[in-house]
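Structure first, then comments.
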Amino acid sequence: MDHDQRAPRIHKINFTDLFHLEPHGPDTYVGIVARYPWGGRLFGGQVVAQALRAAIHTVDPSRSAHSFHSYFIRPGSPDEPIRFEVERLRDGRSFTTRQVVARQSGGAILNASVSFQIAEDEADAQIAELDPALPSPEDPSLRNDSWGALLDRRAVNLPDGRVGYWIRLTADLGDDPINHICGLTFMSDAAPFRAGRSAHPDFANDETDRTRFVGASLDHSVWFHRPSRADQWHWFDTRSHGLAGGRGLATGDVLRDDGTHVATIAQQILLRRNRNT
């Protein structure tokens, strides 16, 4: 089988097919892969979104994911499917906890923990808010940092070392909230890496950064606060927390375009100078 048959390009895949995991035994699922514009490794956002979907398969629909924490162990390959093994760690009265290990033939590529909670009628208080001066995602002056025809991403220059993006998925996700929480998880990995490297003294904030550094995502976390639709614009306001030992940390608030704070993200990255340039 040729490479194109093994892994279609991401823009040729029905996005909801990424979240259709085939059962392969008790609490074990297999998901498809895709090829991305940068070549021979998977997009981490795909793997974390599929891992979340695998966990959801084992949880009562009355409970929604409120936090997702994961470690990227090795790069995922676009040459073979991914096997997701779910362990049911706890089913409590209010919370449910799952562990998910994603594997390919080379071994584990991701280890994730997901926590779910029943709906509770408690206080709802929001601190993060949209800056009234923030340009609209439709502003033609914004730099288009999209890749492919699926992920629409517009970069916004911000003060105080922050890095901002408007991001949405240009896919038909329907009305199933599971598709939208998985879609939000998918696009959450498209925002923090630039902020993670922004503290580096050689950071230029342009396309030359792609060759100036080599790096990878080490871990990725998402806290889900409120429901949202991943096919609508979301504002990702990310910032660096510094660099040490070749590692950088970035966090960010994720708000809908109506100002609702829907999630918070955090990612640690590996960042090294490219010695070959």
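In this text, all values refer to a predicted model and were calculated from it rather than measured experimentally. Quick note: residue numbers are just sequence positions, from 1.
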Mark yes or no for whether Gln117, through its side chain, and His66, through its backbone, hold a donor-acceptor pair below 3.5 Å. no
By salt bridge (Lys or Arg N to Asp or Glu O under 4.0 Å), which residues pair with Arg247, not counting sequence neighbours? none
Would you call the rings of Phe15 and Phe19 parallel, tilted or perpendicular if under 30° counts as parallel and over 60° as perpendicular? perpendicular
Spell out, as yes or no, whether a donor-acceptor pair under 3.5 Å connects the side chain of Gln99 to the backbone of Asn111. no
Using a 4.5 Å cut-off on heavy atoms from C-beta on, say whether the side chain of Ile10 contacts that of Phe43. no
Would you compute the distance between atom CZ of Arg53 and atom CD1 of Ile181 and round it to the nearest 0.5 angstrom? 11.0 Å
In short, salt bridge (Lys or Arg N to Asp or Glu O under 4.0 Å) pairs touching residues 19-33 with sequence neighbours left out are Asp27-Arg88
Whether Trp147 and Phe186 hold their rings parallel, tilted or perpendicular, with breakpoints at 30° and 60°: tilted
The complete set of salt bridge (Lys or Arg N to Asp or Glu O under 4.0 Å) pairs with one or both residues in residues 161-180, sequence neighbours excluded, reads Asp152-Arg168, Arg162-Asp237, Asp175-Arg229
Results of salt bridge (Lys or Arg N to Asp or Glu O under 4.0 Å) for Arg239 - residues two or more places apart only: none
What are the two closest heavy atoms between Glu80 and Ser105, and how far apart are they? OE2-OG, 2.7 Å
Which residues pass the salt bridge (Lys or Arg N to Asp or Glu O under 4.0 Å) test with Asp121, not counting sequence neighbours? none
If two hydrophobic side chains count as joined below 4.5 Å and joins carry through other members, does Leu52 share a cluster with Ile178? yes
His24: what forms a side chain to side chain donor-acceptor pair (under 3.5 Å) with it, not counting sequence neighbours? none
For Arg256, side chain to side chain donor-acceptor pair (under 3.5 Å) partners two or more places apart: Asp258, Thr260
Which pairs count as side-chain hydrogen bond (donor to acceptor under 3.5 Å, both in side chains) when at least one residue sits in residues 264-273, sequence neighbours excluded? Asp189-Gln267, Asp202-Arg273, Ser217-Gln267, His220-Gln267, His225-Thr264, His261-Thr264
Distance-minimising heavy-atom pair for Val114 and Phe68: CG2-CD1, 3.6 Å
Are Leu151 and Val163 linked, directly or through other ILVMFWY residues, by side chains that come within less than 4.5 angstrom of each other? yes
Decide yes or no for His200 and Asp209: does some side-chain heavy atom of the first lie under 4.5 Å from some side-chain heavy atom of the second? no
Verify the cluster assignment for Val47 and Leu150: are they in a single hydrophobic cluster under the rule of side-chain heavy atoms below 4.5 Å apart? yes
List in chain and number order the residues that pass salt bridge (Lys or Arg N to Asp or Glu O under 4.0 Å) with Asp91, two or more places apart in sequence or in another chain; answer none if no residue qualifies. Arg98
Where do His20 and Asn14 land on the side-chain contact (heavy atoms from CB on, under 4.5 Å) test, with the steps shown first? CA-CA 10 Å; His20 178 72; Asn14 185 331; over 6 Å; no
What is the minimum heavy-atom distance between Val48 and Ser70, and which atoms define it? CG1-OG, 3.7 Å
Taking the side chain as every heavy atom from C-beta outward, state whether Met187 and Val254 have any pair of such atoms under 4.5 Å apart. no
Between the OG atom in Ser240 and the CZ atom in Arg197, the distance rounded to the nearest 0.5 Å is 12.0 Å
Answer whether the closest heavy-atom distance between the side chains of Asn274 and Phe213 falls below 4.5 Å. no
Do Leu218 and Leu243 share a hydrophobic cluster, counting only Ile, Leu, Val, Met, Phe, Trp and Tyr and linking them when any side-chain heavy atoms are less than 4.5 Å apart? no
Matching residue for His57 among Tyr29, Phe84, Phe116 - test: ring pair (Phe, Tyr, Trp, His ring centres under 6.0 Å): Tyr29
Do the non-hydrogen side-chain atoms of Thr251 and Ile265 ever get within less than 4.5 Å of each other? no
Does Tyr71 OH have over 12 foreign heavy atoms under 6.0 Å away? no
Tracing side-chain links under 4.5 Å among I, L, V, M, F, W and Y, which residues wind up in one group with Val156? Leu130, Leu134, Leu142, Leu158, Trp166, Trp233, Trp235, Leu255
So Leu42 and Pro78, do their side chains get closer than 4.5 Å, heavy atoms only? yes
When you measure from the side chain of Gln126 to the backbone N and O of Ala128, does any donor-acceptor pair fall under 3.5 Å? yes
Heavy-atom donor-acceptor pair, Gln104 side chain to Pro75 backbone, under 3.5 Å: no
To the nearest 0.5 angstrom, please state how far the OG atom of Ser136 sits from the CZ atom of Arg154. 9.5 Å
Nearest 0.5 angstrom please: Ile73 CD1 to Asp219 CG, how far? 11.5 Å
Does one side chain, of His69 or Ser113, offer a donor that lies under 3.5 Å from an acceptor on the other? no
What one should report as the nearest heavy-atom pair of Val100 and Ala51 is CG2-O, 3.7 Å
Non-hydrogen side-chain atoms of Arg194 and Asp145 separated by less than 4.5 Å: yes
OG1 on Thr96 to CD1 on Ile56, rounded to 0.5 Å: 12.0 Å
Tell me, please, which residues at least two apart from Arg153 pass side chain to side chain donor-acceptor pair (under 3.5 Å). none
Residue pair Arg41 / Gly215: nearest heavy atoms and the distance that separates them: NH1-O, 4.5 Å
Which atom pair, heavy atoms only, marks the closest approach of Val262 to Pro227? CG1-O, 3.9 Å
Give a yes or no on whether Ile109 and Val86 share a hydrophobic cluster (residues Ile, Leu, Val, Met, Phe, Trp, Tyr; joining criterion: side-chain heavy atoms under 4.5 Å apart). yes
What is the distance from atom CH2 of Trp223 to atom OG of Ser188, rounded to the nearest 0.5 Å? 11.0 Å
Atom CD of Gln232 with >12 non-hydrogen neighbours under 6.0 angstrom: yes
Residue set satisfying side chain to side chain donor-acceptor pair (under 3.5 Å) with Ser62, at least two apart, ordered chain then number -> Asp60
Does some side-chain heavy atom of His180 sit less than 4.5 Å from a side-chain heavy atom of Asp231? yes
